[in-house]
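Heads up, the thing below is written out as structure tokens.
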Number of protein chains: 2
Amino acid sequence: MPPIKVKSAEVATSPKRQHKADARVAAAPHAAAKPRAQTRIQREKQDVILEAALDVFSMHGFRGATIDQIAEVAGMSKPNLLYYFPRKEEIHRRLMSALLETWLAPLRAMNADGDPFPEIRSYIRRKLEMARDYPRESRLFANEMLQGAPRIIEMIEVDLKNLVDEKAKVLLGWMDQGKLARTDPYHLIFSIWATTQHYADFDVQVRAVLGPGRGGEGRFEDAARYLEGLFLHGLTPRGIGKGA
Amino acid sequence: MPPIKVKSAEVATSPKRQHKADARVAAAPHAAAKPRAQTRIQREKQDVILEAALDVFSMHGFRGATIDQIAEVAGMSKPNLLYYFPRKEEIHRRLMSALLETWLAPLRAMNADGDPFPEIRSYIRRKLEMARDYPRESRLFANEMLQGAPRIIEMIEVDLKNLVDEKAKVLLGWMDQGKLARTDPYHLIFSIWATTQHYADFDVQVRAVLGPGRGGEGRFEDAARYLEGLFLHGLTPRGIGKGA
DNA sequence: CAGAATTTTGACCAGTTGGAAAAATGTTAG
DNA sequence: CTAACATTTTTCCAACTGGTCAAAATTCTG
């Protein structure tokens, strides 16, 4: 844990009078002075900025994204943007921490008391919906991974790992009960992540390969149907008279 | 998993002569049709540069990568590098076109005259080996996809689409013969891409989640075993002890 | 409405970026 | 050996980068 940058608003008594807003904007653990609630404008502008930043970071990664570009998409000047988020890293950090919560929710929802197939099927559906409805978030995450996850490695190693360990046990439990094929629970989870996120991260490719005919909105329905069949029975043909 | 060994530098090596030096020669007064073959140094340095560029581009994407950084990794000065590749784009283009060839080879190798399961199984293995042995190439590709594939969209829409269309027909043929579960051949191919490339593109995550114990080299073996089971039978339990 | 606080702007800065030019240094064929 | 070519280094540049700052404009609040 290197003594990295200065955390915003960590010291109550700033020696120099900062006209920056970060002292009240950032979530301080226990600000000594008066935190002074956020104004309406602060909330709105921060949302606009984060929205724009999501666009840019998810396409170009952290280094490839520029503050100017984010500011332009957000419809404001660079110094104005920097008034709300004094550092580029800060914007990215906010996006990432918000993302991780949303991202893990579907796996968290997998219920040990349920039956494996409804649970897994529902998990796949949820992940697929997220790929459809939040493709930028998926790409933001993918971009971070491709770079070696420098800014979220800790959360991956702790929070994510713990969650997956827990759910792997659930899966193993189902396998012990003979309700689920005995296989590697970790790689099972990986395969669900991979197959669903693919439709967000490689969207261009999916569209291009499916062509104008089948590359429309229906592709997510098709994907859901296919994946259900794959995870349920694999590719082995089963008698005639297929069930609906 | 049988190891396949090819020097990674060779992946990006394709015969092309169009750089500054040659341009000068071609622009000379007596420029007939004498492109003047590449020298030993040219070949070597270009390989070194492409190798370094693969490192940098695959981590940071096109915009996030800098010529300075590539030059540093390649162990030469920036102007020296620019002597061999006069533009940043040129390096990237060379990497991408070389990559696409290698990338599609495994799918090309899927033989219509074979039986579906050995063919598919072998395709999965090959793709998994590529994820293991050429993770940077995989990430380079993923990075380009995340950005909307601006520099290779044509190749995707033409070459890749044609290849997939062709192989989709092969899969449909197998399904008609009852040798393969009737399902969507396009999404079938997507799922193989997704599950295998995941181990290169999300390597950090895979390692972190598996932990120090199972995150070692063995993870590719485990993945191969798991994926085989998944694509063959899905997750439905078979055999003894099926009681609920 | 006045005064205080907040928000926005424009000018600016030092470091980095992709790249050009040319001089200096190798290498090699005749 | 030497001229012709190939390679490398040095110097330079304009545009862009993340970020600062003070002043101006605007929005609260009593």
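To find a chain, count down the sequence lines: A is the first, B the second, and so on, and within it residues start at 1.
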Integer-rounded Å distance: [N] [atom2] and [X] [atom1]:
{"X": "B/Lys88", "N": "C/dT17", "atom1": "NZ", "atom2": "P", "result": "9 Å"}
{"X": "A/Tyr83", "N": "D/dG18", "atom1": "OH", "atom2": "P", "result": "21 Å"}
{"X": "A/Leu82", "N": "C/dG10", "atom1": "CG", "atom2": "P", "result": "15 Å"}
{"X": "A/Glu89", "N": "D/dT17", "atom1": "CD", "atom2": "P", "result": "17 Å"}
{"X": "B/Glu44", "N": "D/dT7", "atom1": "CD", "atom2": "P", "result": "11 Å"}

Handout entry: Sub-4.5 Å side-chain heavy-atom contact between A/Asp184 and A/Phe190
Key = no
[X] side-chain N/O to [N] phosphate OP1/OP2 under 4.0 Å:
{"X": "B/Asn80", "N": "D/dT9", "result": "yes"}
{"X": "A/Gln42", "N": "C/dT7", "result": "yes"}
{"X": "B/Arg87", "N": "C/dG19", "result": "yes"}
{"X": "A/Arg43", "N": "C/dT6", "result": "no"}
{"X": "B/Tyr84", "N": "D/dT8", "result": "yes"}

Exercise for the section: Just jot down the side-chain hydrogen bond (donor to acceptor under 3.5 Å, both in side chains) partners of A/Arg108, sequence neighbours excluded, or say none. Expected result: none
Practice task
Taking side-chain hydrogen bond (donor to acceptor under 3.5 Å, both in side chains) as the test, write out the residues that go with B/Arg63, two or more places apart.
Solution key: A/His60, A/Gln69
Determine all donor-acceptor pairs shorter than 3.5 Å in which one atom belongs to a side chain in residues 124-132 of chain A; sequence neighbours excluded.
unit_1, atom_1, unit_2, atom_2, d
A/Arg125, NE, A/Glu228, OE1, 3.4
A/Arg125, NH2, A/Glu228, OE1, 3.2
A/Arg126, NH2, A/Ser122, OG, 2.7

Protein and nucleotides 27-29 of chain C: nitrogen or oxygen contacts under 3.5 angstrom:
none

Practice task
Scan side-chain atoms only and decide if B/Tyr134 and B/Thr102 contain a donor-acceptor pair under the 3.5 Å cut-off.
Solution key: no
Practice task
Check the pair B/Tyr186 / B/Asp165 against side-chain hydrogen bond (donor to acceptor under 3.5 Å, both in side chains), numbers first and verdict last.
Solution key: CA-CA 8 Å; B/Tyr186 289 90; B/Asp165 282 342; 2.5 Å; yes
Problem - Whether over 12 other heavy atoms sit under 6.0 Å from A/Glu44 CD - result: yes
Practice task
Give A/Lys45 one of three labels, base, sugar-phosphate or nothing, depending on what nucleic acid heavy atoms sit under 4.0 Å from its own.
Solution key: sugar-phosphate
Exercise for the section: Name every residue in residues 58-77 of chain A that has at least one heavy atom under 4.0 Å from any atom of DNA chain D, in order of residue number, or write none if there are no such residues. Expected result: A/Ala65, A/Thr66, A/Ile67, A/Asp68
Handout entry: Contacts of B/Arg207 that satisfy side-chain contact (heavy atoms from CB on, under 4.5 Å) - sequence neighbours left out
Key = B/Asp203, B/Arg219
Practice task
Please state whether the base of C/dG18 and the side chain of B/Lys78 form at least one donor-acceptor pair under 3.5 Å?
Solution key: yes
